[in-house]
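What follows is one structure encoded as structure tokens, with my remarks underneath.
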Amino acid sequence: MKRRTAPAEARTRPSRRYARRITEGPTPADQRPPELPYPDGWFAVAFAAELTAGTVLTRPLQGEDVVLYRLRDGGVRAVRPYCPHLGAHLGLAGLEGDDLVCAFHRFAFGPDGSCVRTAYGTPPRSAALTRVHVREANDMVLVWRHQGGRPPLWEPPAWHALGDTPPRTVTWEMSGHSQDVIENVVDLGHFSELHGWGEFEVSAPFVFGERTFQVSMRHAERFPLLGETTLEVEVEACGLSRLHICTAIPRLGLRTCTLLCPTMITPNRLQLRHVSRIALSEPGWLPGPSARWLSRIAACLLSGPTLHAGHAFLAADFPIWDTKRYQSPPRLVQGDGPIGPYRHWARRFYSSPQAGPAAPRIGPARTGDADVEAREEGDRAETPLR
């Protein structure tokens, strides 16, 4: 009996089980060729509380791993991830006192990175770990990365800490680029259109400095039971990797400080670390000890809901960052904010050849109608960072 041969299209058609796996919707940014190079600077790779004594952590940073550990005196070390002996990954190593001991042949390396002993009892060779510059600031562990291999060009600012309650921390991972995360601050138009802010004002203009920029804003927020209340916001950015955001509701005596740190882990993918603290003013109608106790208890009770509200506000940006592209030149209009000056300022944090020459604009950024055309023209002249 002659067997019938199925048509070619029938033979190659996927089974029902696999046909359910359909790719659709916006393509994440990390599935496209990179449009911006890695920036230089200090990058958050861990929360300080994660790095307890005796713990060895491995974290991704700009296409490579970095290995972190803490010494008995509280000092932190960061090293390149491979043992100089035979290349074992040091994320598998353990700590014996202050010595990092490779899991492969148990070569031990002291706090200065030098080999202090081998498992064979033979004298250690001149092999040494490659140490990485590391700092602790504002509950974060920061590692220096420069595409040209230069040592730190500046120190990370240690911004003021708020209150004495433990910080709340969270980490997210998504497609995107850290320059877009920091650009969110100067993109004034999106506060109303994406986050639902009503009328707000820039109470102190944008000032772009050598490594930082600052701005202050005031917004009328509506709260349950309280009605419309003024929310004051002060923001300072350092490089393309750290944002310090302080908010205050004077009517309630409520203040928050948030540190937001985007860290590139692959060309179009980032980890976003978030640290938040809250404090309440002490009520004047109570004696000192009672006032301090009441404000501390109230801060503890409000920290959860306040943090949740902050996360909900920030999360509105996640799908945008996850799928957007770097539009250069942008077609800027009145109401966008000083995006052009920001992008010129951001150039100084790239050392790769694709980044083009630095074109800093120092001083307050204009935001009036007459500056819209100038800002758009300035960004048209920008060398594409591709």
Side-chain angles (χ1 to χ4, degrees), residues 29-30 33-46 59-68 76-81 130-138 140-159 173 175-186 207-214 235-244 259-273 321 326 328 339-362 379 382-386:
D30 62 355
E35 296 162 335
L36 290 165
Y38 290 132
D40 303 325
W42 290 100
F43 300 96
V45 291
R59 293 295 159 86
L61 175 61
Q62 297 187 358
E64 299 179 354
D65 287 344
V66 60
V67 174
L68 311 168
V76 174
R77 293 291 183 269
V79 297
R80 297 284 185 180
T130 302
R131 290 180 56 185
V132 178
H133 297 280
V134 62
R135 303 285 189 273
E136 280 190 86
N138 295 105
M140 296 277 197
V141 177
L142 309 170
V143 166
W144 173 260
R145 180 59 60 91
H146 190 280
Q147 300 308 305
R150 297 184 64 181
L153 303 178
W154 71 90
E155 288 297 315
W159 288 304
E173 186 175 316
S175 304
H177 196 280
S178 60
Q179 180 172 323
D180 289 328
V181 177
I182 307 299
E183 185 173 295
N184 239 41
V185 175
V186 303
V207 177
F208 291 89
E210 182 62 27
R211 304 295 179 192
T212 64
F213 73 78
Q214 301 88 28
V235 181
E236 182 173 359
C238 181
L240 301 182
S241 58
R242 300 178 76 208
L243 276 175
H244 191 235
L259 190 63
L260 197 63
C261 297
T263 296
M264 300 301 301
I265 59 174
T266 59
N268 277 341
R269 194 164 188 81
L270 61 87
Q271 290 180 345
L272 187 64
R273 288 179 172 82
W321 297 333
Y326 182 76
S328 178
I339 293 175
Y342 163 77
R343 290 190 176 186
H344 282 275
W345 173 83
R347 283 176 165 186
R348 68 192 63 201
F349 301 105
Y350 295 98
S351 60
S352 60
Q354 299 94 324
R361 290 187 181 183
I362 308 301
D379 216 55
E382 175 189 17
T383 303
L385 305 184
R386 288 199 261 273

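Given the structure is predicted, the values throughout are model-derived calculations rather than measurements.
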Would you give the length of the straight line joining atom [atom1] of [X] to atom [atom2] of [Y], rounded to the nearest 0.5 angstrom?
X	Y	atom1	atom2	value
Glu155	Arg211	CD	CZ	12.0 Å
Leu240	Gln179	CG	CD	5.5 Å
Ser241	Met140	OG	CE	10.0 Å
Thr212	Trp345	OG1	CH2	7.0 Å
Trp321	Leu272	CH2	CG	6.0 Å
Arg145	Thr263	CZ	OG1	11.0 Å

Parallel under 30°, tilted from 30 to 60°, perpendicular over 60°: which one fits the rings of [X] and [Y]?
X	Y	answer
His244	Trp159	parallel
Phe349	Trp154	perpendicular
Tyr350	His177	tilted

Are any of the side-chain heavy atoms of [X] and [Y] separated by less than 4.5 Å?
X	Y	value
Phe213	Val186	yes
Thr266	Pro60	no
Cys261	Phe43	no
Val185	Tyr342	no
Trp42	His133	yes

Considering non-hydrogen atoms only, spot the tightest contact between [X] and [Y] and give its length.
X	Y	value
Cys238	Pro157	SG-CD, 3.5 Å
Arg242	Pro156	NH1-CB, 3.5 Å
Leu243	Ala237	CD2-CB, 3.5 Å
Pro39	Gln147	O-NE2, 4.0 Å
Val134	Ala78	CB-CB, 3.8 Å
Pro34	Asn268	CA-ND2, 3.5 Å

Are any side-chain N or O atoms of [X] and backbone N or O atoms of [Y], one a donor and one an acceptor, separated by less than 3.5 Å?
X	Y	value
Asp65	Pro81	no
Asp30	Arg269	no
Arg59	Leu68	no
Arg80	Val132	no

- Query: So is Arg343 actually on top of Tyr326's ring, under 6.0 Å and inside 45° of the axis?
  - Reply: yes

